[in-house]
2 protein chains.
Amino acid sequence: MTQAPRKSPPRVTLEDVARRAQTSTITVSRALRRPGMVSEKLRERIAKAVTELGYVPDPAASALASRRSNVIGVLIPSVTNSVFAEVLSGLYDTIAGKPFNAQLGNTRYAPETEDELIRVFLSQRPAGLVVTGIDQSPVSRALLAAADCPVVQIMELGETPTDMMVGFSHRDAARTATDHLIERGYKFPAFIGARMDPRSERRLQGFRDAIAAADIAEGDRVVTTPTPSSVTLGETLLAELLAQAPETDAILCNNDDLALGVQFAAHRRGIAIGPELGLCGFNDIEVMEAAHPSITSVRTFRREMGRLAIDMLMARIEGKDVDENVRDLGYALMPRDSTMRE
Amino acid sequence: MTQAPRKSPPRVTLEDVARRAQTSTITVSRALRRPGMVSEKLRERIAKAVTELGYVPDPAASALASRRSNVIGVLIPSVTNSVFAEVLSGLYDTIAGKPFNAQLGNTRYAPETEDELIRVFLSQRPAGLVVTGIDQSPVSRALLAAADCPVVQIMELGETPTDMMVGFSHRDAARTATDHLIERGYKFPAFIGARMDPRSERRLQGFRDAIAAADIAEGDRVVTTPTPSSVTLGETLLAELLAQAPETDAILCNNDDLALGVQFAAHRRGIAIGPELGLCGFNDIEVMEAAHPSITSVRTFRREMGRLAIDMLMARIEGKDVDENVRDLGYALMPRDSTMRE
DNA sequence: CCGCCGAATGACAGCGCTATCATTAGTTGA
DNA sequence: TCAACTAATGATAGCGCTGTCATTCGGCGG
């Protein structure tokens, strides 16, 4: 199979438009970017020429001349994790139609990769940056602090925002979930967690806050692993947990995948989820409600987080003073069958 | 809260590097892009200067001068759909470390959005383009045909590739799955489908191929909806199906989410998945194997698809002649408990 | 020992836009 | 009526690279 050489279609430039509209390139440029600065008559003539010629601006030239690209860099630790996928979805929905382009960077939970990606993004003079979490490496932190664009940290909250933040307290959320288990009468709550990233660690912390406050001993009821989370892993971790702490009568899972896996495994073992074993997930993905029995979880507002991150960036790009630069989205406990004792 | 004005850090340019390495900018540029053209001594001096100064090339300037950006445009219909998320994951993993940037476009299943996004991408003079499916609008088709960059269509196969293709036959895959149901002894197989996009339609076609070949009447056993797929929707569609076709004894679901929903709903109704109701999903996401009972599905190679799409683009960008410009990744039936009659 | 050749290096223009300043036209108040 | 403004438009000079030539240099055959 021969590859047909592809010929570049002739590019329509600002100059072409200017010629057709009988004006200068700079005026066309202005008409496109700040229409208010150009008289209506001229603006219309230009609009007509743009349509007729099918002019589309060259972002590279624009970026070079203005020292500012239309790229919004987005750094997330995982593309496949549905939690981040939903943040992305909100983010892409919000950016759609705006003259900006989200560019995704996948850090794969590796700080060095994150450092590198931030450097790459910054080399593009981005319009804004979205980074996940608050535990950037010192290198990343320095790069972000020196960046001459707005930056939003998402997913978590912290005392020292680089610039802006939108998220919620994982610790408080896990604490609330654990309190719920205790209130429901479970005596020996356990915690299982996969992929113990900083957010997971904070959830574990919240779990510990709750049992300490209730004067419950932790025993051997915390099982964690750095392995990436999966449904199957829920089964494995349950086995491990029950082997080392048979007294366990309720489990807070680090995330919903694990919870689902625990539920399937419990079915297999003939353990009744709810009456015999309380079960609570984290994030409240759609399947939690649909499952049978339905599974209690802590709802987090992931799409909203993506949406707000872009809104905050836009506000700053447009020069508005953002009054709140840290937004707490909170969370919501969704009690369901899996934490009903009868 | 006042926004501290952020000062732009001084940019390190090729010229700075050239000065330090005591050579010219063009030589530095060459040393970076085609090291073979520069003598080793000079190359080392340049490498040293680059490191010491922390030089990072400006992609906008490079794109402008070379009329070719390092952007690889990727168009998918949904960010949240885990199937596409996995394709993306393979794609990002493969592109990582290469001097290219994937830029994602979310068409949301709307052809007009797709047209627009292709236009936007082309305005960046991309290094390559990845588009989902083979049912582009005439406008998109024309744009892609005239594009002066390699293009890969993913997810499906078709007779008339725009340029390159990597995918599998949804029709054959669904046919195989339905044959499996029939072989297992189910007499009244049904099909339920959500979000009936072109790929779903082809799966339905494959289902019909199989029952026609087995001389089974379709009856009222096909229920579809344009609504986006979800686990909950599986429950709804099952109810609808059983209401209009109570004889149903097996179901091929358009995708795994629906299958999971059907399974939960069956539990709720006291229907035994497997013996009473055969169930088969599509794609084989991780939870299928972990579910209890485990759910039969057709495995598709999504990460691989992303990987190959990039590999094919890279080969073409590097000027290699791609011998196969259409790659069939096939599929694999994964028989499990949900299609065991006893 | 000279001219020729390929490999290595360099000079220069320009990619398509926008920041900046200059200019012109139109307005206003004393 | 005219200086002093504001609004609208334009001329110019790059932004930081790379394509395209031109130049340099050492090696080598005749």
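Just so it is clear, the values below take in all heavy atoms, side chains as well, and ignore hydrogens, waters and symmetry mates. Here is the naming used below: chain letters follow the sequence lines, and residue numbers restart at 1 for every chain. Values in this document were obtained by computation on a predicted structure and should not be read as measured data.
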Original post:
Under 4.0 Å between a side-chain N/O of A:Ser24 and OP1 or OP2 of D:dG10, yes or no?
Top reply: yes
Subject >> With B:Glu156, the side chain to side chain contact (heavy atoms under 4.5 Å, CB included) member among B:Asp135, B:Thr132, B:Val166 >> reply: B:Asp135
Original post:
Can you name the closest pair of heavy atoms from B:Phe121 and B:Pro126 and give their distance?
Top reply: O-CD, 3.2 Å
Subject >> Whether A:Arg20 side chain and A:Ala49 backbone form a donor-acceptor pair below 3.5 Å >> reply: no
Original post:
Between B:Leu64 and B:Ile26, which has a closest nucleotide on DNA chain D that is more 5'?
Top reply: B:Leu64
Subject >> Minimum-distance nucleotide (side-chain atoms of A:Ser62 versus D:dG16, C:dA11, C:dC17) >> reply: C:dC17
Original post:
Within the structure, does a side-chain N or O atom of A:Ser29 lie under 4.0 Å from either OP1 or OP2 of C:dT18?
Top reply: yes
**OP:** Could you check whether B:Arg33 gets within reach of a base, just the sugar-phosphate, or nothing at all, counting any heavy atom under 4.0 Å?
**Re:** sugar-phosphate
Original post:
Would a 4.5 Å heavy-atom cut-off, applied to side chains only, mark B:Val139 and B:Arg119 as touching?
Top reply: yes
Original post:
Taking for each residue the nucleotide of DNA chain C with the nearest heavy atom, is it A:Arg34 or B:Leu42 whose nucleotide lies nearer the 5' end?
Top reply: B:Leu42
**OP:** Starting from C1' on D:dC17, measure out to CG on B:Leu14 and report it in whole angstrom.
**Re:** 6 Å
Original post:
Counting only side-chain N and O atoms of A:Thr27, is one of them less than 4.0 Å from OP1 or OP2 of D:dG10?
Top reply: yes
**OP:** Return the nearest nucleotide to the side chain of B:Tyr55; candidates are D:dG14, C:dA19, D:dC17.
**Re:** D:dC17
Original post:
Taking the side chain of A:Val38 as its heavy atoms from C-beta onward, which of D:dG16, D:dG19, D:dT9 lies nearest to it?
Top reply: D:dT9
**OP:** Could you state the atom-to-atom distance from CE of B:Met37 to C1' of C:dG10 in whole Å?
**Re:** 12 Å
Original post:
Quick one: B:Glu40 CD to C:dT9 P, roughly how many Å, whole number?
Top reply: 12 Å
Subject >> A:Asp16 CG - C:dC15 P separation (whole Å) >> reply: 12 Å
Original post:
Tell me: CZ of A:Arg67 to C1' of D:dG14, nearest whole Å?
Top reply: 8 Å
Original post:
Can you check the B:Arg30 CZ to D:dT18 P distance for me, whole Å?
Top reply: 11 Å
Original post:
If you check the B:Arg125 side chain, which of D:dG16, C:dA11, C:dG16 turns out closest?
Top reply: C:dG16
Original post:
Does a side-chain N or O from A:Thr25 land closer than 4.0 Å to OP1 or OP2 of D:dG10, or not?
Top reply: no
**OP:** Verify the neighbour count for atom CD of B:Glu52: are there more than 12 heavy atoms of other residues, nucleotides or ligands below 6.0 Å?
**Re:** yes
Original post:
When the distance from CZ of B:Arg19 to C1' of C:dG10 is rounded to whole Å, what number comes out?
Top reply: 16 Å
Original post:
Taking the side chain of B:Thr23 as its heavy atoms from C-beta onward, which of C:dG10, D:dC17, C:dC15 lies nearest to it?
Top reply: C:dG10
Original post:
With respect to the side chain of B:Ser66, which nucleotide from D:dC17, C:dG16, D:dG19 is positioned closest?
Top reply: D:dG19
Original post:
Is the distance from OP1 or OP2 of C:dA7 to the nearest side-chain N or O of B:Ser39 less than 4.0 Å?
Top reply: no
Subject >> Nucleotide nearest B:Ala61 when distance is taken to its side chain, options C:dG10, D:dC17, C:dC17 >> reply: D:dC17
Original post:
Could you give the CG-to-P distance, from A:Asp58 to C:dG14, as a whole number of Å?
Top reply: 18 Å
Original post:
Rounded to the nearest 0.5 Å, how far apart are CD1 of B:Ile154 and CG of B:Leu91?
Top reply: 7.0 Å
